[in-house]
Number of protein chains: 2
Amino acid sequence: MGKIDNSRRARKKPTAAKAAGPAAARGARMTDVARLAEVSIMTVSRALRHPAVVDPETLKRIHGAINATGYLPNRIAGSLASQRSNIVGLVVPSLRNSLFAETVKGVADTLGADFDLMIADSGYVLDGEETAVAAFLSQRVCGIVLHNTKHTPRTRGLIQSAGIPCVETGNLVRRPIDMVASFSNRKAAFEMTAFLVGKGYRRIAFVSLPLRDNDRARERQSGYLQALKQFGLPVDRRIVLESTPGLRGGAHALIELMKVRPKIEAVFLTGDVLATGALLEANRNGWLVPDTIAIAGSDDNELQECVSPALTSLRFPRYDIGCTAASMLLNRISGNLPAAHIVDLGFQIIPRQST
Amino acid sequence: MGKIDNSRRARKKPTAAKAAGPAAARGARMTDVARLAEVSIMTVSRALRHPAVVDPETLKRIHGAINATGYLPNRIAGSLASQRSNIVGLVVPSLRNSLFAETVKGVADTLGADFDLMIADSGYVLDGEETAVAAFLSQRVCGIVLHNTKHTPRTRGLIQSAGIPCVETGNLVRRPIDMVASFSNRKAAFEMTAFLVGKGYRRIAFVSLPLRDNDRARERQSGYLQALKQFGLPVDRRIVLESTPGLRGGAHALIELMKVRPKIEAVFLTGDVLATGALLEANRNGWLVPDTIAIAGSDDNELQECVSPALTSLRFPRYDIGCTAASMLLNRISGNLPAAHIVDLGFQIIPRQST
DNA sequence: TTGAAAGCGGTACCAA
DNA sequence: TTGGTACCGCTTTCAA
């Protein structure tokens with residue numbers, strides 16, 4: 001039975017024969033397993049998907065056949081037939097930045113082995129994100145995680161009309177495409193500025209990455225300005241900077257700031273490793289931290305803790321954000337309504353010697 | 001024509017109706033585009049795949065229909081029919097480590113927009129890699145990049161019998177599963193040790209990450225030992241350490257090493273940020289670098305350059321390795337035989353003030 | 001508990 | 001340059 005059906009088995013090997021490596025075996029299909037186990041293909045499918053409803057004896061034969069043939073399920077065929085995939089798509093501004101890596105890890109750990117992760121790099125460009133999203137949607141991903149929270153209209157439209165769940169992670173936006181798991185960048189910057197004011201510093205500089213297309217940096221600057229305003233401190237645009245990324249960016253920013261008169265008392269550098277770069281530069285120049293200049297950073301990590309003096313910093317729960325984002329996706333994929341569309345994971349100020 | 005075929009279009013919306021977001025539109029299919037453009041589905045397929053052979057006028061109508069319907073190609077169906085996917089699978093020991101991120105970025109940049117990247121984390125465990133590879137093979141990836149170069153037998157078997165191209169990137173192994181693009185960890189460690197000997201240091205300690213399941217660390221230790229032997233220096237097992245990762249790991253290793261008598265003159269820490277951790281610890285303790293203790297590192301980065309004194313280090317072309325790996329894959333995917341199975345991208349010693 | 005048949009949405013091949 | 005037809009390998013539905 002089924003033998004006739006399978007007699008058309010002289011699989012064409014097109015150019016593959018040329019390109020293929022050592023063994024160009026096209027792999028066993030479910031049909032092959034079924035034939036060997038002397039059951040129908042449907043029973044094999046069930047054995048893999050709902051083993052509970054299959055007779056234990058049958059199950060055993062099937063597993064034997066699977067091992068014997070080295071069968072690996074074809075998820076492409078499976079996804080096409082079932083109209084659902086097990087791939088989650090993730091877009092980060094840069095694959096290089098270890099900040100995002102934390103979130104990615106949280107997502108990956110939470111998704112577990114049942115889902116695969118497709119990752120793309122937007123290169124900090126909105127159109128890059130759009131391209132990535134379109135590609136993901138073509139692959140029919142079952143969910144999307146976006147780090148950036150600023151998007152092209154088409155990106156939003158694409159995701160919404162695809163009707164798949166989406167979580168944004170970079171900033172606690174009010175109106176997410178679908179859902180958001182993050183913290184408030186504005187509030188974090190506000191609180192850090194307030195912390196510095198509380199320490200007695202009055203002339204506080206602010207350095208961030210370029211604001212263009214970067215919601216996070218924008219929100220942080222806005223939080224800083226808001227704090228100054230609230231505490232009745234004047235804004236001096238000469239000490240509100242946008243910097244290139246990297247340790248050198250922070251170092252350079254500090255040098256520029258130290259030239260300004262009247263002298264600044266403290267500087268809050270947020271984004272990338274700017275604060276560490278500034279601290280190392282201060283050390284090189286013999287500027288005492290925090291006496292000559294107090295330095296505060298963000299995105300706390302082991303390095304900020306190990307430098308001397310250790311850096312006062314903001315701690316963001318990036319790993320948790322990834323975990324939460326994945327959970328929210330999973331929840332929706334299993335057919336539930338979202339418990340919440342907006343999840344605030346908060347942040348912490350870690351006071352150390354640099355302020 | 002074809003209308004009857006399409007009259008069964010009351011698509012079932014199973015649980016999706018419940019799970020779906022704002023708009024649960026199932027999306028247009030090629031058939032819809034074809035109907036609107038008044039051509040056959042085949043012509044639409046061609047318009048997308050080989051636009052050159054389609055009449056310009058027809059093409060225009062088709063693109064109009066694509067925009068009108070918001071059609072997004074279904075790559076799942078496409079892949080199933082064509083028996084080829086455009087997904088490359090990548091396994092790294094840890095998503096967290098920015099070292100690997102460089103290689104990932106190289107791969108992503110080189111693959112470009114025509115391919116998607118699936119990334120998995122082996123958690124530094126061989127079985128984790130096997131699981132990831134099996135999952136990738138189930139997704140029918142068209143190529144695989146593996147950072148680790150030690151594998152379970154099943155991992156090798158799986159990839160070889162799948163007959164898809166594979167590039168390993170972590171170490172220049174002699175007998176790759178298929179291809180390798182990397183540098184020689186052993187030779188790099190050998191050269192750095194030789195460099196220190198050349199500087200006049202005789203009692204040179206060595207610190208790496210744990211050797212278990214880690215070919216790279218193993219090879220590096222072996223290169224160090226080989227250099228000592230070649231220069232007639234004795235091996236003192238008390239100053240050959242395996243350390244936990246992180247700045248603290250390096251700091252702790254240095255503290256242990258400084259207790260050993262006779263005193264060591266130099267230490268070569270390789271892997272993660274061990275060297276930086278050791279340098280910061282030396283600074284904290286007032287140990288003069290390089291006078292009291294010389295420190296050399298590996299995996300050069302901006303931080304090693306910005307600390308004081310700047311660290312002598314090994315530079316590995318991780319980004320290039322990623323680019324090369326992707327090129328090798330691409331070459332094979334287009335049906336060519338590999339130009340070379342083993343590509344050595346080399347390394348550099350960057351001498352600075354710490355030695 | 002098991003099986004038969006009809007697709008899923010495209011692509012390959014060949015004929016027109 | 002265009003279209004018809006037979007699949008790709010699996011899941012769904014429904015009947016046995």
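Bear in mind that the values here come from a model prediction, so they are computed numbers and not experimental data. Proteins get letters first, then strands, A, B, ... in listed order; numbering begins at 1 in each.
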Measure the distance from CD1 on B:Ile41 to C1' on C:dG7 and round it to the nearest whole Å. 14 Å

Under 4.0 Å between a side-chain N/O of B:Thr31 and OP1 or OP2 of C:dG9, yes or no? no

Please give, in whole Å, the distance from D:dC10 P to A:Ile66 CD1? 11 Å

Got a salt bridge between A:Arg96 and A:Asp121, using NZ or NE/NH1/NH2 to carboxylate O under 4.0 Å? no

Whole-Å gap separating P (D:dT1) and CD1 (B:Ile62): 13 Å

If you measure from NZ on A:Lys60 to CG on A:Asp55, what distance do you get to the nearest 0.5 Å? 9.5 Å

Measuring from the side chain of A:Asn74 (C-beta onward, heavy atoms only), which nucleotide among D:dT13, C:dG9, D:dC10 has the closest atom? D:dC10

What integer distance in Å separates B:Leu80:CG from D:dC10:C1'? 8 Å

Got B:Leu90 and A:Ile119 here, is their nearest side-chain heavy-atom distance under 4.5 Å? no

Got a donor-acceptor pair under 3.5 Å from the side chain of B:Arg140 to the base of D:dG9? no

Does D:dC7 have its OP1 or OP2 closer than 4.0 Å to a side-chain nitrogen or oxygen of B:Gln83? no

Without swapping roles, check the side chain of B:Thr69 against the backbone of B:Ile66 for a donor-acceptor pair under 3.5 Å. yes

Side chain of A:Arg29: nearest nucleotide among C:dA4, C:dT2, D:dG9? D:dG9

Mind checking ring-ring contact (aromatic ring centres under 6.0 Å, His included) for B:Phe100 and listing every partner two or more places apart, or none if nothing turns up? B:His147

Using a cut-off of less than 4.0 Å, is there contact between a side-chain N or O of B:Thr43 and OP1 or OP2 of D:dG3? yes

For residues 125-138 of chain A, the side chain to side chain donor-acceptor pair (under 3.5 Å) pairs (sequence neighbours left out) are A:Glu129-A:His151, A:Glu130-A:Thr152, A:Glu130-A:Arg154

Rounding to an integer number of Å, can you tell me how far A:Leu72 CG sits from D:dG9 P? 14 Å

Against the side chain of A:Val54, the closest entry in D:dG4, C:dT2, C:dT11 is C:dT2

Short side-chain N/O contact to C:dA12 OP1/OP2 from B:Arg84, under 4.0 Å: yes

Measure CE/A:Met42 against P/C:dA6 and give the value in whole Å, please. 15 Å

Applying a 4.0 Å non-hydrogen cut-off, can you work out what B:Ser79 is touching in the nucleic acid: base, sugar-phosphate, or nothing? nothing

Closest of D:dG4, D:dT13, C:dT11 to the A:Arg46 side chain is D:dT13

Rounded to whole Å, CZ of A:Arg75 lies from C1' of C:dC8 at a distance of 14 Å

Comparing B:Ala77 with B:His50, nearest DNA chain C nucleotide closer to 5' gives the residue B:Ala77

Length of the line joining B:Asp32:CG and C:dG10:C1', which is rounded to integer Å: 13 Å

On DNA chain C, nearest-nucleotide positions of B:Arg49 versus A:Ser82: which is more 5'? A:Ser82

If the cut-off is 4.0 Å, is A:Ser45 near the phosphate of D:dT11, judged by side-chain N/O to OP1 or OP2? yes

